[in-house]
Amino acid sequence: MINNTLAVGIQGIQDGMVGMENAARKIARGGVDGPQGTANGAGNLIEPIVDLKVYERSVEASAQVVKTADETLGTLLDIMA
């Protein structure tokens, strides 16, 4: 059960980091989109900025899941010792 919880937390961190990287890449392009480098205006930056914040919170929540699972495992080991 705890191994599954740890795995879910770690997967959530990995997914969040990938999402943050993609959002940061879009922000770094600065509103320039597509292979031709056509400017689409600053309006295109709003969505990746929001996505970046959402993925940040996702990583924080997943890290808390990992921390809680680690603490629970530690408590169980203390009880069994």
Side-chain angles (χ1 to χ4, degrees):
M1 176 88 121
I2 291 178
N3 283 342
N4 186 37
T5 303
L6 282 170
V8 169
I10 290 170
Q11 185 64 49
I13 291 171
Q14 290 172 337
D15 292 346
M17 295 300 292
V18 168
M20 288 175 70
E21 184 178 335
N22 290 336
R25 190 174 294 119
K26 289 177 185 177
I27 293 167
R29 285 195 302 246
V32 177
D33 196 18
Q36 305 299 327
T38 57
N40 291 325
N44 283 346
L45 291 177
I46 294 170
E47 185 176 344
I49 290 171
V50 170
D51 287 346
L52 185 63
K53 200 62 171 174
V54 168
Y55 285 119
E56 178 186 4
R57 296 290 186 221
S58 173
V59 169
E60 290 172 355
S62 295
Q64 186 62 44
V65 168
V66 171
K67 180 181 175 188
T68 302
D70 179 58
E71 291 171 353
T72 303
L73 181 59
T75 301
L76 289 173
L77 290 174
D78 288 343
I79 290 172
M80 295 179 80

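- In terms of heavy-atom proximity, Ala69 sits nearest to Leu6 at CB-CD2, 3.7 Å.
- A distance of 12.5 Å separates OG1 in Thr68 from CG in Leu73, rounded to the nearest 0.5 Å.
- Between atom NZ of residue Lys53 and atom CE of residue Met20 there is a gap of 9.0 Å, rounded to the nearest 0.5 Å.
- Connection of Ile13 to Val65 is not established within any shared hydrophobic cluster, with ILVMFWY side chains joined at heavy-atom distances below 4.5 Å, either directly or through further cluster members.
- Looking at every heavy atom in both residues, Gly9 comes nearest to Ser62 through O-CB, 3.4 Å.
- Between atom CD1 of residue Ile49 and atom CG of residue Asn44 there is a gap of 11.0 Å, rounded to the nearest 0.5 Å.
- You'll find the side chain of Leu52 stays beyond 4.5 Å of the side chain of Glu56, heavy atoms only.
- With rounding to the nearest 0.5 Å, the separation of CG in Leu45 from CZ in Arg29 is 10.0 Å.
- Between the side chain of Ser58 and the backbone N or O of Val54 there is no donor-acceptor pair closer than 3.5 Å.
- The hydrophobic clustering, which links ILVMFWY residues whose side-chain heavy atoms are closer than 4.5 Å, places Val66 and Leu77 together.
- Between the CG atom in Asn22 and the NZ atom in Lys26 there is a gap of 6.5 Å [rounded to 0.5 Å].
- Separating the CD atom in Glu71 from the CD atom in Gln64 is a distance of 7.0 Å, to the nearest 0.5 Å.
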